[in-house]
Amino acid sequence: DNFTNKDRKVVVKGLAEKEVQADKVTWPIVSKELGNDLPTLYQSIGHTQAKITRFLKADGIKDSEISINAPVVIDLNADRYSANVKGYRYNITSIITVTSRNVAKVRELIARQGELLKDGIAIVDGDYDNKVRYEYVSFKSMKPKMMEEAIANAEVTAQQFAKSSKSSLGKIVSAD
């Protein structure tokens, strides 16, 4: 009798969900410059970065939350897949990244980024690699409570299964 009952087991899963506000945001601000003269483009990129940085700092973004990445230069004449009929040789992409725990402030600035148009700066929509990312980095503090809820949920499911199948619950064999 003990031998045949030994392998009878049921797997149940518990679920705990909670909607939370992000507590960290990463906003890549992408701008592009087009032209034929690298020194001129370098100056232009510098002016653009300075204006974007002023815009950010004027609204409370700290220096420690701003990082300026090296510009990415594409030489359209050297690109073997391009016939370059566009009339300019270089396409330079500049990315300034804002990483902040002040999510509300950054969201406000994202909504107001069109104001940079007055200064002649067009923010380019980020491609797949340059999307705004929202994170919840404080998950560790809420994980134990959510685990408790998930385990309780699994137990309710197991009790209902045992009742419906006219069985009883024994010890836990394994848990994930």
Euclidean distance, Leu109 CG relative to Leu56 CG, rounded to 0.5 Å: 6.0 Å
Tell me, please, which residues at least two apart from Asn69 pass side chain to side chain donor-acceptor pair (under 3.5 Å). Thr97
Which residues pass the side chain to side chain donor-acceptor pair (under 3.5 Å) test with Ser138, sequence neighbours left out? Asp23
Once salt bridge (Lys or Arg N to Asp or Glu O under 4.0 Å) is applied, what residue pairs with a partner in residues 31-50 remain, sequence neighbours excluded? none
All heavy atoms of Lys18 vs all of Met142, minimum pair found to be CD-CE, 3.1 Å
Checking the side chain of Asn91 only, and the main-chain atoms of Ile74 only, is there a donor and an acceptor separated by less than 3.5 Å? no
Restricting to salt bridge (charged side-chain N to carboxylate O under 4.0 Å, His left out), what partner residues turn up for Arg112, sequence neighbours left out? Asp59, Glu108, Glu115
Going by side chain to side chain donor-acceptor pair (under 3.5 Å), name the residues that satisfy it together with Lys57, two or more places apart in sequence or in a different chain. Asp63
Report the distance from atom OH of Tyr88 to atom CG of Leu76, rounding to the nearest 0.5 Å. 6.0 Å
Do other residues, nucleotides or ligands put more than 12 heavy atoms under 6.0 Å from the CZ atom of Phe139? yes
So, Ser164 versus Gln160: side-chain donor-acceptor pair below 3.5 Å or not? yes
Summary of salt bridge (Lys or Arg N to Asp or Glu O under 4.0 Å) pairs that have at least one residue in residues 146-163, sequence neighbours excluded: none
Could you state the interatomic distance from CH2 (Trp27) to CD (Glu65), rounded to the nearest 0.5 Å? 12.0 Å
For the pair Ile92 and Leu38, evaluate side-chain contact (heavy atoms from CB on, under 4.5 Å) and give the outcome as yes or no after the intermediate values. CA-CA 9 Å; Ile92 301 180; Leu38 278 178; 4.0 Å; yes
Atom of Arg107, atom of Tyr134 and distance for their closest heavy-atom approach: CG-OH, 3.5 Å
Is the side chain of Thr53 donor-acceptor paired with the backbone N or O of Lys51 at a distance under 3.5 Å, no angle test? no
